[in-house]
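Lettering of chains follows the sequences in order, A, B, ..., and the numbering in each one begins at 1.
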Protein chains: 4
Amino acid sequence: MTTNDVKPAQATKTDAILDAATRHFSMHGFEVTKLSDIAKDAGVGVGTIYLRYEGKAELLGGVLDRAEQSFADAMNDPAIRDIPFPERFTAIISAIFKAADRERDLARLMALSAYASHAGAHETSHVLHAIKTHLQDGMDRNELRADVDLPLAARMAHGMVEGAMRAMMAEPARDPAAVIAQIAQASELWLCTPKPKG
Amino acid sequence: MTTNDVKPAQATKTDAILDAATRHFSMHGFEVTKLSDIAKDAGVGVGTIYLRYEGKAELLGGVLDRAEQSFADAMNDPAIRDIPFPERFTAIISAIFKAADRERDLARLMALSAYASHAGAHETSHVLHAIKTHLQDGMDRNELRADVDLPLAARMAHGMVEGAMRAMMAEPARDPAAVIAQIAQASELWLCTPKPKG
Amino acid sequence: MTTNDVKPAQATKTDAILDAATRHFSMHGFEVTKLSDIAKDAGVGVGTIYLRYEGKAELLGGVLDRAEQSFADAMNDPAIRDIPFPERFTAIISAIFKAADRERDLARLMALSAYASHAGAHETSHVLHAIKTHLQDGMDRNELRADVDLPLAARMAHGMVEGAMRAMMAEPARDPAAVIAQIAQASELWLCTPKPKG
Amino acid sequence: MTTNDVKPAQATKTDAILDAATRHFSMHGFEVTKLSDIAKDAGVGVGTIYLRYEGKAELLGGVLDRAEQSFADAMNDPAIRDIPFPERFTAIISAIFKAADRERDLARLMALSAYASHAGAHETSHVLHAIKTHLQDGMDRNELRADVDLPLAARMAHGMVEGAMRAMMAEPARDPAAVIAQIAQASELWLCTPKPKG
DNA sequence: AATGAATGAGAGTTCATTCAT
DNA sequence: GATGAATGAACTCTCATTCAT
């Protein structure tokens with residue numbers, strides 16, 4: 001494949017399929033979603049989906065991969081890696097929220113991992129991995145408490161963000177910045193090395 | 001049949017159905033679960049399920065109701081309400097974990113709310129409500145920070161516990177007591193009024 | 001069984017069952033009707049129906065038997081047998097319409113014969129048989145045309161009355177007496193020995 | 001495939017389905033008939049039926065429509081319209097019998113109208129309408145008695161033919177021509193303007 | 001005799017998947 | 001490569017029938 005994309009048509013169709021599939025899977029769930037609906041939404045025939053994915057589960061796999069990648073890319077932004085803790089918390093969480101705004105239904109999508117044929121691949125999500133990396137980095141720099149159980153803390157932080165997102169879904173009027181600030185503050189109090197007094 | 005044994009047969013059958021349904025729904029998901037499997041597992045005929053629940057969705061509703069109730073009961077134990085913060089965190093979290101041990105797959109179950117016909121009833125879960133009540137109580141007693149956004153913090157705490165549970169599922173060898181201690185510590189640092197120094 | 005009915009309770013229950021069954025079968029059809037509905041309508045338990053009838057088909061048989069008998073009784077009224085043709089036509093048809101008013105849905109019921117386990121018994125209906133007997137009687141008295149094919153004419157007359165009944169169902173405002181007069185006139189023109197002129 | 005052969009496959013399949021459905025519905029009734037049997041008989045998969053009809057009731061609707069149309073077409077043959085009464089009776093009845101030979105079980109089919117989702121459409125059957133038209137035509141030409149109640153007479157004639165058909169079903173050895181002659185004679189005596197004597 | 005909870009075979013319907021065009 | 005008509009396995013739900021009480 002050359003640098004300037006030779007198969008724009010196909011790429012476009014694949015994107016249309018992934019877009020439609022993301023929409024349907026996240027809004028209605030895996031089993032409820034009909035491939036024919038996705039095809040119609042994407043403006044292609046059902047058979048076309050089968051030219052790109054082995055089946056329904058593999059299509060979900062593709063959807064999850066793309067969504068996770070988008071999240072992970074945001075969090076792995078080198079610019080963020082240079083920020084010291086606790087300020088970095090705000091940057092990380094902002095990145096997650098920004099990605100979540102693009103991939104609006106990631107939270108719900110992630111719950112579908114179980115259906116993906118290669119579910120194992122998603123057992124440890126890219127997002128979770130990015131969180132772990134950031135925390136490890138903070139510990140290496142002595143900006144985070146050494147006595148923290150890293151894998152456990154990463155899961156807890158992950159859940160905390162999910163909980164905050166659910167709060168925003170339940171009360172859409174909330175100010176995202178304020179929510180981000182609350183999570184950042186909680187993270188700092190919980191994970192950062194206490195600042196020496198005085 | 002003893003005198004204080006009211007309709008044991010029917011109660012037993014309903015319980016068997018709910019037990020089997022909980023097992024299947026939480027382990028395999030709503031759509032994937034076949035009523036015939038639940039019936040077989042419960043040792044009853046399919047028709048018997050329909051004598052108690054209008055359909056599959058209503059059966060899930062019954063399962064969720066029972067599970068939520070069990071959790072909420074554990075957390076509303078009056079004995080817990082007398083413990084001051086931050087010690088109370090340990091008690092609450094222990095209660096959740098103990099209930100989770102009985103209702104092993106609550107976390108996964110809760111994700112199924114969408115399928116329940118009376119999903120609205122679960123919009124705000126009993127567990128979440130219990131958490132809110134405890135936090136409010138702590139704030140009234142000045143044991144928790146006054147500047148905490150209660151509804152948001154409750155969701156975040158809820159998510160944090162879910163995350164910890166996922167960690168335990170991923171690594172079953174973990175010591176539950178240690179996990180509980182980590183959550184309790186994080187909660188204390190994050191939510192408790194800082195103790196005066198000195 | 002003595003002359004004065006010893007088992008009024010059972011007879012009453014049987015009647016209630018037959019009444020309810022007649023209502024349901026004729027209004028909604030055989031397959032659509034649920035035994036539990038009939039039982040509820042009759043104020044008995046489902047099991048009670050099985051104490052009197054072998055099954056659903058046999059219950060329909062009982063319903064048809066009773067309805068047919070009621071019709072046949074009306075038409076076999078000795079008073080009618082003394083009337084000469086063509087006047088007798090009016091009496092016969094009036095009797096059918098009167099019975100149809102009591103057993104409101106006979107026409108629809110008869111269509112259900114196919115479902116009765118002893119359908120053979122109904123192949124030649126009582127009503128049809130009564131019509132045949134009357135026509136034979138008229139031929140014996142030379143009041144009806146000798147060249148009429150009796151079994152065929154009986155079926156045709158039967159159908160003609162059914163057609164008239166459908167007309168009344170379609171246009172309930174019709175005057176029954178006028179309808180009866182039309183059928184009687186048609187029968188006379190068609191079946192009676194032409195009166196000598198002059 | 002020739003040029004003037006438009007979508008033969010699909011048309012053929014639809015026809016096969018309608019043929020099989022007609023056979024099954026008329027021989028065994030609506031509820032008793034299984035879609036899987038119709039599909040097997042038609043040499044298609046069950047799903048194929050659902051590509052053409054919304055469900056079982058709509059399939060019956062399609063069957064009734066086609067059958068009625070076939071009958072009505074036979075009766076509306078312009079050649080018949082030119083024959084004067086009473087000779088026209090023979091032509092009409094012959095046409096009905098000929099169509100009945102093709103659509104062997106129309107009489108029984110018509111009784112199923114109740115199950116068709118668009119039953120209303122069949123309230124007044126095409127056949128009945130054709131009969132009415134012929135009678136009206138006869139009255140306009142002064143070939144039929146003016147004092148006949150047209151809608152009622154049409155229903156009665158319709159029923160008379162049905163009765164005759166039942167006679168033929170009960171006694172298959174009967175000569176159709178003789179049966180037709182009997183109906184035609186009855187119709188003439190009943191409906192035609194009496195011929196002036198002399 | 002009367003009941004109705006329990007049963008499970010069986011039907012309509014859906015939809016992922018295939019493949020001829 | 002693209003399509004969508006065709007397929008049939010598999011599901012939920014119903015209800016006649018049984019039988020313990």
Write down the partner of E:dT14 under the Watson-Crick or G-U wobble criteria, each distance required to be under 3.5 Å.
->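 Here E:dT14 is engaged in a pair, and the nucleotide opposite it is F:dA9.
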Sort out the partner of E:dA20 for me: Watson-Crick or G-U wobble, both distances under 3.5 Å, none otherwise.
->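 Pairing partner, where one exists within any strand: F:dT3.
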Mind calculating the distance between [atom1] ([X]) and [atom2] ([N]) to the nearest angstrom?
X: B:Tyr53; N: F:dT14; atom1: OH; atom2: P; result: 17 Å
X: D:Ile38; N: E:dA11; atom1: CD1; atom2: P; result: 12 Å
X: B:Lys40; N: F:dT12; atom1: NZ; atom2: P; result: 13 Å
X: A:Phe30; N: E:dC15; atom1: CZ; atom2: P; result: 13 Å
X: B:Leu35; N: F:dT14; atom1: CG; atom2: P; result: 11 Å
X: D:Arg52; N: E:dT13; atom1: CZ; atom2: P; result: 17 Å
X: D:Ile49; N: E:dC15; atom1: CD1; atom2: P; result: 18 Å
X: B:Leu60; N: F:dT12; atom1: CG; atom2: P; result: 13 Å

Relative to the 5' end of DNA chain F, which residue comes earlier, D:Val46 or C:Val46, by the nucleotide with the nearest heavy atom?
->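 It is D:Val46 whose nearest nucleotide is closer to the 5' end.
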Most 5' of B:Ser36 and D:Gly45 on DNA chain F, judged by nearest nucleotide |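 Its nearest nucleotide lies further toward 5', so the answer is D:Gly45.
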Which part of the nucleic acid, if any, lies within reach of A:Leu51 when heavy atoms closer than 4.0 Å are counted: base, sugar-phosphate only, or nothing?
->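 Result for A:Leu51 = base.
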Would you call A:Lys34 and A:Asp41 a salt bridge, taking side-chain N to carboxylate O under 4.0 Å as the test?
->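 The answer is no: the pair does not qualify as a salt bridge.
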Note: A:Arg66-A:Asp19 ion pair, threshold 4.0 Å (strictly below) |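 Between A:Asp19 and A:Arg66 there is a salt bridge, with a charged N closer than 4.0 Å to a carboxylate O.
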On DNA chain E, nearest-nucleotide positions of D:Tyr50 versus C:Val44: which is more 5'?
->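 Nearer the 5' end of the strand: C:Val44.
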A:Lys56 vs C:Thr48, nearer the 5' end of DNA chain E by closest nucleotide =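 First, find each residue's nearest nucleotide; the 5'-ward one identifies C:Thr48.
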Is a side-chain donor or acceptor of C:Thr22 paired with a backbone partner of C:Leu18 at a separation under 3.5 angstrom?
->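 Yes; at least one donor-acceptor contact below 3.5 Å.
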Does D:His24 offer a backbone N or O that forms a donor-acceptor pair with the side chain of D:Thr33 under 3.5 Å?
->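 Yes.
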Nucleotide nearest C:Lys13 (side chain, heavy atoms from C-beta), chosen from E:dA11, E:dA2, E:dT17 =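 Within the option list, the nearest is E:dA2.
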Which atom pair, heavy atoms only, marks the closest approach of D:Ala21 to D:Val63?
->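 Between these two residues, the closest heavy atoms are CB-CG2, 3.6 Å.
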